[in-house]
Structures are given as structure tokens and as C-alpha cells.
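Structure, as C-alpha cells:
Values below: every heavy atom of this structure, side chains too, minus hydrogens, waters and symmetry copies. Quick note: residue numbers are just sequence positions, from 1.
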Amino acid sequence: YKNTRHAHKRVYENTMVGIRLQPQFDDFVRRAEQFQQELSNPQRQHYDDVVDLYHEARDVQGTFKNLLVELSSRTGGKVLLAPLKGFGRCVEKVGLRENPDWSFSTVCDIVRGGVEFNNM
């Protein structure tokens with residue numbers, strides 16, 4: 001494996017050189033850095049009451065599904081939808097904190113789903 005590892009590494013490095021030369025690469029890096037900066041300031045839920053949180057989840061579920069359908073149609077992936085996160089799991093996430101305050105404002109991914117691909 002050591003002999004082929006070096007060859008694979010060279011192929012990878014040469015590929016990365018080619019990618020960096022693409023005209024859209026600098027824009028991609030700029031957007032990725034902007035996205036990373038936005039993610040470094042995590043957003044909290046608008047609601048800390050679990051009932052309000054589920055109402056909000058129900059309200060955005062259709063929009064989220066439409067987004068996944070659009071992504072899959074543009075990329076050839078398969079939409080995977082999951083049911084809303086269970087109420088019991090939300091209570092667990094809040095109650096198992098070191099000092100639970102019973103605010104549900106930090107509970108994430110109540111609306112869930114993704115796009116699956118056969119290859120990268």
C-alpha cells in the first residue's frame with residue numbers, strides 16, 4: 001500500500017491544482033468562507049416553548065420538502081424525508097443537559113430530511 005499511496009496522493013494533489021485553476025474557484029472559496037462565518041454564530045429557535053416549536057416545524061415542513069425536491073431535481077439525488085423529531089426526544093435533549101432550564105430554544109432539526117446520492 002505504501003507504494004500506491006504516494007501515487008494516489010500525487011493524483012489528488014494534481015487534481016487540486018487543476019481545481020484551483022478553475023475560474024469559479026476564488027468565488028467558491030469566498031462563498032465558503034462567508035458561509036463558515038455565518039455558521040460560527042449559531043441561530044437559536046424563535047420559540048422556547050415546545051408546543052410553539054412544533055407549530056413552527058409544521059409550518060416550515062412543506063417549504064423544506066420543496067427545497068429538497070428542488071435540490072434533488074438539480075443534482076440527480078433521491079429525496080429522503082423523515083418524520084418530525086419525536087416529542088420525547090426533544091424533552092431528552094433539553095432534560096439531559098448539565099443544568100436543564102427547560103427552554104426548547106436550542107433544540108434543532110425537528111424538521112428532518114436529506115438528499116441521497118449513489119456516488120460522490
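Remark: Gln36 CD is loosely packed, at most 12 non-hydrogen atoms of other residues, nucleotides or ligands lying under 6.0 Å away. The environment of NZ in Lys85 is crowded: more than 12 heavy-atom neighbours from other residues, nucleotides or ligands sit within 6.0 Å. No more than 12 heavy atoms of other residues, nucleotides or ligands sit less than 6.0 Å from atom CZ of Arg31.
Put simply, the side chain of Tyr47 never gets that close to the backbone of Tyr54: no donor and acceptor are under 3.5 Å apart. Between the Arg20 side chain and the Phe25 main chain, no donor and acceptor come within less than 3.5 Å of each other. A donor-acceptor pair under 3.5 Å is formed between the side chain of Asp49 and the backbone N or O of Asp52.
Leu80 and Leu67 fall into different hydrophobic clusters, where Ile, Leu, Val, Met, Phe, Trp and Tyr side chains are chained together by heavy-atom contacts under 4.5 Å. Neither Leu71 nor Phe28 shares a network with the other; the hydrophobic side chains, linked directly or stepwise wherever heavy atoms of I, L, V, M, F, W or Y lie under 4.5 Å apart, form separate groups for each. Linking Ile, Leu, Val, Met, Phe, Trp and Tyr residues whenever their side-chain heavy atoms come within less than 4.5 Å leaves Phe104 and Leu96 in two separate clusters. Cluster membership for Val51 and Leu84, using ILVMFWY side-chain heavy atoms within less than 4.5 angstrom, is shared.
Residues Pro83 and Arg112 have side chains in contact (heavy-atom distance under 4.5 Å, counting atoms from C-beta outward).
Ion pairing of Asp26 with Arg30 is absent here, as no side-chain N (NZ or NE/NH1/NH2) approaches a carboxylate O to less than 4.0 Å.
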Verdict with supporting geometry, Arg10 and Glu13, salt bridge (charged side-chain N to carboxylate O under 4.0 Å, His left out): CA-CA 5 Å; Arg10 266 195 310 271; Glu13 289 169 348; over 6 Å; no
Begin with the C-alpha distance, continue with both residues' side-chain angles, and end with the deciding distance and a verdict on side chain to side chain contact (heavy atoms under 4.5 Å, CB included) for His8 and Tyr12. CA-CA 6 Å; His8 290 164; Tyr12 172 79; over 6 Å; no
Show your reasoning for whether side chain to side chain contact (heavy atoms under 4.5 Å, CB included) applies to Cys90 and Ile110. CA-CA 8 Å; Cys90 288; Ile110 292 177; 4.2 Å; yes
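Summarising the geometry of Val115 relative to Gly77, their closest heavy-atom pair is CG1-CA, 3.7 Å, with the distance given to 0.1 Å.
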